[in-house]
Amino acid sequence: TKYSLSSMQSSIDDSKAALMYASTSGVSVGFVGLLGNYVQLESGIESASIFNAPEDIVSTAKTKAVFCQHLMSLRLQYLVLGETGPELLNYFPKSVLCGKYAISEIPGVRPGHAVKLIS
């Protein structure tokens with residue numbers, strides 16, 4: 001998987017903005033995207049990623065199920081999506097991640113890069 005430092009910086013900046021929102025709003029946030037552990041280290045946001053790249057999530061029905069089960073166990077109210085996050089949503093019915101997270105907005109996070117737990 002290719003990535004650029006500037007794209008990683010965007011994910012880090014989005015994550016920092018989401019953490020600020022979480023601290024003032026009393027909500028929980030996490031990150032799903034490329035190099036989730038690195039983004040966690042640089043920003044402090046919890047990485048909800050369990051695969052190396054978001055594309056791995058949807059590579060098989062089994063990996064999709066494992067990811068969604070893991071994500072539900074975390075019970076995060078909002079997620080910041082990395083660079084390929086918006087495209088990742090296309091692999092889920094109605095673009096709702098794992099049937100539970102729909103596109104939302106978080107102040108300071110790029111449009112299309114935040115989802116909210118809806119059920």
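Each residue takes its place number in the sequence, starting with 1.
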**Request:** Applying side-chain contact (heavy atoms from CB on, under 4.5 Å), run through Glu46 and Leu74 and close with a yes or a no.
**Result:** CA-CA 10 Å; Glu46 179 178 358; Leu74 297 176; 3.6 Å; yes
**Item:** Glu105 atom CD: more than 12 heavy-atom contacts under 6.0 Å
**Value:** no
**Prompt:** How many angstroms lie between OH in Tyr38 and OG in Ser49, if you round to the nearest 0.5 Å?
**Reply:** 15.0 Å
**Message:** So which atom in Phe92 and which in Cys98 form the shortest heavy-atom distance, rounded to 0.1 Å?
**Reply:** CD2-N, 3.2 Å
**Request:** Provide the closest heavy-atom pair for Ile106 versus Ala18 in the form atom of the first, atom of the second, distance.
**Result:** CG2-CA, 3.9 Å
**Item:** Value rounded to 0.5 Å, distance of CZ in Arg110 from OG in Ser10
**Value:** 4.5 Å
**Message:** Just so I know, are the side chains of Val115 and Val32 near enough to count as touching, which here means a heavy-atom distance under 4.5 Å?
**Reply:** no
**Complete:** Output for pair (Leu89 CG, Lys94 NZ), nearest 0.5 Å, gives 14.5 Å
**Message:** Apply side-chain contact (heavy atoms from CB on, under 4.5 Å) to residues Tyr101 and Ile118 and explain how you reach the verdict.
**Reply:** CA-CA 6 Å; Tyr101 287 89; Ile118 57 171; over 6 Å; no
**Item:** Contact check, side chains of Met72 and Lys100, non-hydrogen atoms, under 4.5 Å
**Value:** yes
**Prompt:** Between Ser59 and Tyr91, does a side-chain contact (heavy atoms from CB on, under 4.5 Å) hold up when you go through it step by step?
**Reply:** CA-CA 10 Å; Ser59 60; Tyr91 291 92; over 6 Å; no
**Asked** Are Gln77 and Val29 close enough that some pair of their side-chain heavy atoms sits under 4.5 Å apart?
**Response** no
**Prompt:** CG/Leu41 to OG/Ser47 distance, rounded to the nearest 0.5 angstrom?
**Reply:** 11.0 Å
**Message:** For residues Leu34 and Leu97: do they belong to one hydrophobic cluster (side chain heavy atoms under 4.5 Å, members Ile, Leu, Val, Met, Phe, Trp, Tyr)?
**Reply:** no
**Request:** With rounding to the nearest 0.5 Å, note down the distance linking CZ in Phe51 to OG1 in Thr63.
**Result:** 5.0 Å
**Message:** Is there a path of hydrophobic side-chain contacts, each under 4.5 Å between heavy atoms, that joins Ile50 and Leu117?
**Reply:** yes
**Request:** Take atom CE of Met20 as the centre, draw a 6.0 Å sphere, and report whether it contains more than 12 heavy atoms from other residues, nucleotides or ligands.
**Result:** no
**Prompt:** Closest heavy-atom contact between Asn90 and Ser95?
**Reply:** OD1-OG, 4.0 Å
**Request:** Give the C-alpha distance, both sets of side-chain angles, the deciding distance and a yes or no for side-chain contact (heavy atoms from CB on, under 4.5 Å) between Phe31 and Gln40.
**Result:** CA-CA 8 Å; Phe31 176 80; Gln40 178 175 320; over 6 Å; no
**Asked** So does Lys64 have more than 12 non-hydrogen atoms from other groups sitting under 6.0 Å from NZ?
**Response** yes
**Prompt:** Which atom names give the shortest non-hydrogen contact between Ala48 and Leu76, and what distance separates them?
**Reply:** CB-CD1, 4.2 Å
**Asked** About how many Å separate CD of Glu42 and CD1 of Ile12, when rounded to the nearest 0.5 Å?
**Response** 5.0 Å
**Fill in**
Residues Val39 and Ser43: closest non-hydrogen pair is O-OG, 2.7 Å
**Asked** Minimum heavy-atom separation for Ser15 to Val80, with atom names?
**Response** OG-CG1, 4.1 Å
